[in-house]
Amino acid sequence: MKEMLTLGLTLVLGLILFYMGFYLFTHRTKTLFGVFSPKDDPALKKAMTLWAYILTILGVLTIIAAFLGILAFQITMLILDAILVFIMSILMPTYLRMP
């Protein structure tokens with residue numbers, strides 16, 4: 001039972017990361033939430049592209065880790081996911097466009 005729950009939650013995390021990466025990649029030319037404008041800031045566009053690739057790769061690797069069932073690989077991916085999403089959440093507010 002515990003293994004199935006771990007598999008399900010790891011899959012959900014992988015899908016969320018994959019979606020976040022896909023979202024950032026497809027919205028590199030649109031204003032995000034009215035505060036991020038990649039059209040006006042080329043550095044933000046580069047950062048969004050970099051984080052899109054990172055999150056997409058993390059999402060795919062996390063899904064693979066869930067299906068392989070190797071505990072060390074799953075733990076490593078969960079730690080990497082947490083650290084890199086934390087770093088992204090710290091760095092992205094530097095690109096805020098305040099009126």
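We use all heavy atoms of the structure for the numbers below, so side chains are in, but hydrogens, waters and symmetry mates are not.
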#### Entry: Spacing of CE belonging to M88 relative to CG belonging to L58, to within rounding of 0.5 Å
10.5 Å
### Query
Is there a path of hydrophobic side-chain contacts, each under 4.5 Å between heavy atoms of I, L, V, M, F, W or Y residues, that connects Y53 with M20?
no
### Message
Between L68 and V12, is there shared hydrophobic-cluster membership here, with clusters defined by ILVMFWY side-chain heavy atoms closer than 4.5 Å?
### Response
yes
### Message
Is the ring pair Y23/H27 parallel, tilted or perpendicular, if the boundaries are 30 and 60 degrees?
### Response
parallel
### Message
Within this structure, what is the CD1-CG distance for the pair I75 and L80, rounded to the nearest 0.5 Å?
### Response
12.5 Å
### Message
With side-chain contact (heavy atoms from CB on, under 4.5 Å) as the criterion, how do V60 and F18 come out once you've worked through the C-alpha distance, each side chain's angles and the decisive distance to 0.1 Å?
### Response
CA-CA 7 Å; V60 169; F18 184 79; 3.9 Å; yes
### Task
I would like to know whether I63 and L17 meet side-chain contact (heavy atoms from CB on, under 4.5 Å); could you show each step before the answer?
CA-CA 10 Å; I63 291 169; L17 289 172; over 6 Å; no
### Message
Does Y19 form a side-chain contact (heavy atoms from CB on, under 4.5 Å) with L55? I'd like the steps, not just the answer.
### Response
CA-CA 8 Å; Y19 179 75; L55 291 176; over 6 Å; no
### Message
Please say yes or no: joined through hydrophobic side-chain contacts below 4.5 Å, possibly via intermediate residues, are M92 and I83 part of one cluster?
### Response
yes
#### Entry: Nearest atoms (heavy-atom pairs only) where T6 meets T10
O-OG1, 2.7 Å
### Query
Would L11 end up clustered with F22 when hydrophobic side chains under 4.5 Å apart are linked, directly or stepwise?
no
### Query
Where is the tightest heavy-atom contact between A52 and G21, given as atom of each residue plus distance?
CB-O, 3.3 Å
### Message
Looking at every heavy atom in both G69 and Q74, which two are closest together, and how far apart are they?
### Response
CA-NE2, 4.0 Å
### Message
Hydrophobic cluster membership, with links at side-chain heavy-atom distances under 4.5 Å among I/L/V/M/F/W/Y: are L71 and L78 in one?
### Response
yes
### Task
Check T62, L61, I16 against D81 for a side chain to side chain contact (heavy atoms under 4.5 Å, CB included) and give me the one that passes.
T62
### Query
Quick one: CG on L84 to CH2 on W51, what's the gap to the nearest 0.5 Å?
5.5 Å
### Message
Can a donor-acceptor pair be found, under 3.5 Å and without considering hydrogens, that links the side chain of S89 to the backbone of F86?
### Response
yes
### Query
Is K45 close to T29 at the side-chain level, that is, under 4.5 Å between some pair of heavy atoms?
yes
### Query
Minimum heavy-atom separation for L24 to M48, with atom names?
O-CE, 3.6 Å
### Query
Passes side-chain contact (heavy atoms from CB on, under 4.5 Å), F25 versus T56? Steps please.
CA-CA 9 Å; F25 191 74; T56 303; 5.9 Å; no
